[in-house]
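Below is one structure; the comments refer to it alone.
We're numbering straight along the sequence, starting at 1.
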Amino acid sequence: MSCFSKITVLLAVAVLLGASRANPQGHRGVSPQDVWTCPSSYPIKGNFTTYSGEPCIYHMPRGRFYPKTNPERCYAAEDDAQKDGCRRSKR
């Protein structure tokens, strides 16, 4: 294997590893900044650990439970959350 091929393979592996850390389990969106906060460009809070048994619920910034929600993923748009299998919070 040539030096160029080895570098290409290493770069491809690095990109794949970085993508898996940034996007666990293939989910869209980004990880939260901390336990309570999403980045300002990704304000929608998504939860995959729900007590209702649903796969995911997302909370909009002015929603009733938004301040109480610890996000697991953060989304820029409702469409991204819905593509992840989330439904909008009813409150």
Do His59 and Ile57 pass the side-chain contact (heavy atoms from CB on, under 4.5 Å) test, and can you show the C-alpha distance, the side-chain angles, and the key distance before you say yes or no? CA-CA 7 Å; His59 301 268; Ile57 296 173; 3.8 Å; yes
Do the side chains of [Y] and [X] get nearer than 4.5 Å, heavy atoms only?
{"X": "Pro43", "Y": "Tyr75", "value": "no"}
{"X": "Pro39", "Y": "Cys74", "value": "yes"}
{"X": "Phe48", "Y": "Asp84", "value": "yes"}
{"X": "Glu54", "Y": "Arg87", "value": "yes"}
{"X": "Met60", "Y": "Arg88", "value": "yes"}

Just how far is it from atom SG of Cys56 to atom CG of Asn47, taken to the nearest 0.5 Å? 7.0 Å
Hydrophobic cluster membership, with links at side-chain heavy-atom distances under 4.5 Å among I/L/V/M/F/W/Y: are Val30 and Tyr58 in one? no
What's the shortest heavy-atom distance between Gly85 and Pro55, and which atoms? O-CG, 4.0 Å
Identify the heavy atoms of Arg73 and Gly29 that sit nearest to each other, and give their distance. NH2-O, 2.6 Å
Flag, side chain of Thr69 to backbone of Phe65, donor-acceptor distance under 3.5 Å: yes
For Tyr66, does the six-membered ring have the charged nitrogen or CZ of Lys45 within the cation-pi criterion, i.e. under 6.0 angstrom from the centroid and within 45° of the normal? yes
